[in-house]
Amino acid sequence: MIRTERTELEVLVNGTGPAVVLLPSLGRDSYEFEPIAQDLASAGFCALRPQPRGVGSSAGPLDGLDLHDLAGDVADVLTALDTGPAVLAGHAFGHYVARVLAVDRPELVSGVAVLAAGARRFPSSLTERVAKCSDLALPDSERLVHLREVFFAEGHDPSVWLDGWWPAAIVSQRAAMASTDKESWWPIASSPLLDVQAGDDVFRPAETRSELIDEFGPGLVTTVLIEGSGHALIPEVPHAVAHALVEWIRTLD
């Protein structure tokens with residue numbers, strides 16, 4: 001547990017070596033990164049998994065936050081553990097937090113990996129369906145339909161995401177997104193980027209796959225496409241994600 005004046009943050013730690021921080025998607029926890037964390041540890045890295053406020057044992061104010069506050073929590077972890085500069089790997093919503101931290105505290109960040117990041121703009125109807133996926137008041141049968149069509153590629157079991165949602169964190173994180181001007185961080189990259197894309201990600205159709213390279217250039221952005229995976233990505237192909245991370249991080253030395 002990392003304690004600050006504002007928060008108490010649960011951090012899972014695997015391995016020793018250069019730090020790689022794994023940040024979960026909207027309203028989800030870091031426990032599901034376990035296979036990736038184990039692979040990173042086996043490859044000689046220290047995988048850090050700070051749980052966001054309202055997730056697991058992490059606690060702190062949930063109202064009136066923006067993405068800079070959530071990025072600040074990650075900065076507090078890196079500072080307390082004296083592990084920066086670190087690679088940040090954010091899944092979907094988690095990549096917002098990672099990129100904002102890279103803007104706010106570039107000295108703490110050696111690179112940012114965005115995992116199944118949505119396109120800069122995507123239909124609002126997808127956001128509405130994500131809300132249904134995570135609505136624990138809905139029947140599992142209804143949620144499974146949305147999970148299968150929004151998050152998971154064919155051949156993967158969407159039922160693994162019936163659990164692992166933290167409703168209070170979802171509300172807080174949605175509000176934090178709405179309270180942060182996207183233009184204050186989206187066009188800025190002060191460190192190398194790895195763009196790990198899922199081949200069947202409805203949030204990232206094929207025509208948007210070059211967005212980050214177009215924005216920042218091939219000298220700063222490396223793209224990896226993992227076929228047969230969807231927006232969930234982490235529970236679908238964890239070892240492929242870990243392999244992409246390790247191979248890219250080794251190019252940063």
Side-chain angles (χ1 to χ4, degrees), residues 1-41 44-115 134 136 163-180 184-185 190-191 234 245 249:
M1 298 298 296
I2 302 297
R3 292 174 173 83
T4 72
E5 292 181 358
R6 301 168 296 170
T7 60
E8 293 186 359
L9 300 173
E10 175 190 357
V11 185
L12 292 86
V13 182
N14 293 73
T16 59
V20 183
V21 183
L22 303 172
L23 303 174
S25 185
L26 182 79
R28 294 199 60 79
D29 55 50
S30 298
Y31 303 126
E32 65 190 3
F33 280 107
E34 181 66 27
I36 296 175
Q38 289 183 6
D39 285 358
L40 289 171
F45 298 96
C46 176
L48 301 176
R49 289 179 282 161
Q51 301 281 20
R53 301 184 194 193
V55 174
S57 299
S58 291
L62 294 176
D63 296 330
L65 304 178
D66 60 19
L67 292 177
H68 300 282
D69 294 311
L70 300 181
D73 290 346
V74 181
D76 288 342
V77 170
L78 290 173
T79 301
L81 297 179
D82 193 22
T83 51
V87 168
L88 311 178
H91 176 216
F93 170 81
H95 103 276
Y96 293 1
V97 178
R99 290 193 57 197
V100 169
L101 178 54
V103 171
D104 290 350
R105 298 289 303 276
E107 77 279 6
L108 292 178
V109 181
S110 58
V112 174
V114 298
L115 312 177
S134 58
L136 305 184
D163 299 319
W165 301 95
W166 297 81
I170 293 173
V171 173
S172 178
Q173 290 170 10
R174 285 196 187 282
M177 280 193 293
S179 297
T180 309
S184 70
W185 61 269
S190 55
S191 57
I234 304 305
L245 284 171
I249 294 169

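Across all their heavy atoms, Ser57 and Glu10 have their closest contact at N-OE1, 2.8 Å. Closest heavy-atom contact between Leu78 and Ala86: CD2-CB, 3.8 Å. The nearest pair of heavy atoms linking Ala168 to Leu62 is CB-CD1, 3.9 Å.
Put simply, CG on Leu22 and CG on Leu115 are 8.0 Å apart, with the number rounded to the nearest 0.5 Å. Interatomic distance, Ser190 OG to Arg105 CZ, rounded to the nearest 0.5 Å: 12.0 Å. Here the CG atom belonging to Leu26 is positioned 5.0 Å from the CZ atom belonging to Arg174, to the nearest 0.5 angstrom. A distance of 10.0 Å separates CG in Leu245 from CG in Asp39, rounded to the nearest 0.5 Å. Of the inter-residue distances, the one linking Gln173 atom CD with Leu67 atom CG reads 9.0 Å to the nearest 0.5 angstrom.
Both tests pass for Arg28 against the ring of Trp165: distance under 6.0 Å to the centre and angle within 45° of the axis.
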(message) Does Tyr31 form a side chain to side chain contact (heavy atoms under 4.5 Å, CB included) with Leu12? I'd like the steps, not just the answer.
(response) CA-CA 8 Å; Tyr31 303 126; Leu12 292 86; 3.9 Å; yes

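Salt-bridge annotation for Arg6 and Asp76: present, with a side-chain N of the basic residue lying under 4.0 Å from a carboxylate O of the acidic one.
Using cut-offs of 30° and 60° for the angle between ring planes, the Trp185 and His95 rings count as perpendicular.
Side chain of Gln51 to backbone of Ser30: a donor-acceptor contact under 3.5 angstrom is found.
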